[in-house]
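Worksheet for the structure shown next.
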Amino acid sequence: AIKSRPSVIVLNETWLKPSINNSELLNPDMYKIYRVDRSLQSHPMDSTNPHKYKKNGGGVLIAIDSELDVVSSIVKIKCNAEILTIRIKAGSENIYLCTLYRVGNLGVENHAEVEKYLRQLVSSSKRHMVKAFLIGDLNLPTLNWRNNIPVSDIDRLFLETFTNLGFEQ
């Protein structure tokens with residue numbers, strides 16, 4: 001048996017749908033749950049290949065232990081990607097906790113959406129003096145994160161975005 005429970009849960013590729021209630025995942029008295037399920041908004045069809053759209057899969061979730069002495073709320077930034085950010089305020093400390101799931105076969109259009117979102121997030125975090133943390137599954141298996149060496153064009157785009165925005169690994 002688990003003797004303690006996690007304070008924060010971050011999940012990528014949840015495969016959740018609107019028909020699945022939060023109470024089916026975690027006890028709603030124990031966790032405040034935020035999620036973005038796969039939809040045509042979060043994962044638009046590829047206009048050049050509409051058969052590429054995968055209606056199942058994807059999705060992101062962040063859950064915060066309700067016993068924590070924090071205030072948490074969703075950060076609303078419109079985006080056509082599977083990305084979610086919440087603001088956590090604990091006393092005078094504020095952080096943005098962001099999670100992102102990127103389907104591996106999505107290309108430049110998806111990168112543009114993610115970059116636009118992250119630029120707005122970083123701008124907001126600077127205005128509000130909030131630290132931002134990004135967790136996710138980007139499906140960039142050829143990118144050497146340790147040495148910052150891109151292999152593909154999409155690797156290079158994401159690496160440049162993260163570097164330019166000041167994200168570190």
Side-chain angles (χ1 to χ4, degrees), residues 1-44 57-103 106 110-140 143 145-146 148 157-169:
I2 297 174
K3 294 183 181 176
S4 65
R5 65 182 191 223
S7 299
V8 178
I9 298 171
V10 179
L11 300 176
N12 284 275
E13 204 167 356
T14 61
W15 284 64
L16 297 175
K17 300 174 183 186
S19 62
I20 300 172
N21 295 317
N22 287 344
S23 61
E24 295 176 74
L25 308 171
L26 296 164
N27 183 332
D29 295 328
M30 294 173 68
Y31 286 96
K32 188 169 185 180
I33 300 171
Y34 304 92
R35 64 190 238 202
V36 172
D37 299 341
R38 173 148 307 159
S39 68
L40 283 173
Q41 179 179 339
S42 71
H43 183 73
V60 293
L61 176 147
I62 301 173
I64 304 293
D65 187 327
S66 59
E67 289 186 0
L68 288 179
D69 187 19
V70 300
V71 175
S72 58
S73 58
I74 196 162
V75 175
K76 294 186 180 187
I77 300 174
K78 187 175 163 95
C79 184
N80 290 331
E82 292 175 23
I83 191 167
L84 168 68
T85 302
I86 64 167
R87 182 178 182 170
I88 301 172
K89 181 173 175 38
S92 62
E93 288 289 318
N94 283 284
I95 67 164
Y96 284 157
L97 180 58
C98 178
T99 185
L100 161 65
Y101 174 68
R102 179 186 162 274
V103 177
L106 294 180
N110 175 258
H111 168 265
E113 284 292 320
V114 170
E115 180 180 34
K116 181 175 75 173
Y117 181 98
L118 292 176
R119 285 193 181 284
Q120 290 178 40
L121 183 68
V122 167
S123 174
S124 175
S125 72
K126 287 179 180 175
R127 275 195 318 275
H128 297 104
M129 297 184 51
V130 176
K131 295 177 185 173
F133 296 90
L134 175 62
I135 299 167
D137 179 358
L138 300 176
N139 280 306
L140 298 169
L143 178 54
W145 291 99
R146 184 176 313 260
N148 292 333
L157 287 172
F158 274 97
L159 185 59
E160 287 174 358
T161 295
F162 295 139
T163 302
N164 293 340
L165 294 176
F167 284 103
E168 300 173 5
Q169 180 151 304

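All heavy atoms count here, side chains included; hydrogens, waters and symmetry mates do not. Note that the structure is a prediction, hence the values are computed from the model and not measured.
Minimum interatomic distance between N12 and G136 (heavy atoms only, all atoms of both residues): ND2-CA, 3.8 Å. What you find for Y117 and C98 is that their closest heavy atoms are CE2-SG, 4.2 Å.
A donor-acceptor contact shorter than 3.5 Å links the side chain of T161 to the backbone of L157. Judged by distance alone, the side chain of T163 and the main-chain N or O of E160 form no donor-acceptor pair under 3.5 Å. For K89 (side chain) and G91 (main-chain N/O), a donor-acceptor pair under 3.5 Å exists by modelled atom type. For the pair T99 (side chain) and L84 (backbone), a donor-acceptor distance under 3.5 Å is absent. The backbone N or O of S23 sits nowhere less than 3.5 Å from a side-chain atom of N21 that would complete a donor-acceptor pair.
Residue K126 places its NZ atom among 12 or fewer non-hydrogen atoms of other residues, nucleotides or ligands, all under 6.0 Å distant.
Here the straight-line distance linking atom CZ of R35 with atom CD1 of I20 works out to 6.5 Å at 0.5 Å rounding. Atoms NZ and CD1, on K32 and I88 in that order, are 10.5 Å from each other to the nearest 0.5 Å. With values rounded to the nearest 0.5 angstrom, L118 atom CG is found 8.5 Å from H111 atom NE2. Here OH of Y96 is found 6.5 Å from CG of L121. Values are rounded to the nearest 0.5 Å. E67 CD to M30 CE: the interatomic distance, rounded to the nearest 0.5 Å, is 7.5 Å. Rounding to the nearest 0.5 Å places CG of L165 at 10.0 Å from CG of L134.
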Report task. Show your reasoning for whether side chain to side chain contact (heavy atoms under 4.5 Å, CB included) applies to I33 and L61. Result -> CA-CA 7 Å; I33 300 171; L61 176 147; 3.8 Å; yes
Report task. With side chain to side chain contact (heavy atoms under 4.5 Å, CB included) as the test, would you mind laying out the steps for L143 and L138 before giving the verdict? Result -> CA-CA 10 Å; L143 178 54; L138 300 176; over 6 Å; no
Query raised in the report: Would V122 and F167 satisfy side chain to side chain contact (heavy atoms under 4.5 Å, CB included), going step by step from the backbone distance to the final call?
Result: CA-CA 9 Å; V122 167; F167 284 103; 3.8 Å; yes
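Partners of R87 by salt bridge (charged side-chain N to carboxylate O under 4.0 Å, His left out), not counting sequence neighbours: none found. Shown here are the side chain to side chain donor-acceptor pair (under 3.5 Å) partners of E113, two or more places apart in sequence or in another chain: there are none. Qualifying side chain to side chain donor-acceptor pair (under 3.5 Å) partners for D65, counting only residues two or more places apart in sequence or in other chains: R5.
Using modelled atom types and a 3.5 Å distance limit, the side chains of Y101 and T14 yield no donor-acceptor pair. If you check the side chains of S123 and R119, you find no donor sitting under 3.5 Å from an acceptor.
With respect to I64, the side chain to side chain contact (heavy atoms under 4.5 Å, CB included) criterion is satisfied by exactly one of P6, S7, S72: S72. In summary, of the residues considered (L97, V70, I135), a side chain to side chain contact (heavy atoms under 4.5 Å, CB included) with V8 occurs for L97 alone.
Between F162 and W145, the two ring planes are tilted [angle within 30° to 60°].
Put simply, the side chain of L159 does not reach to within 4.5 Å of the side chain of L140, judged on heavy atoms.
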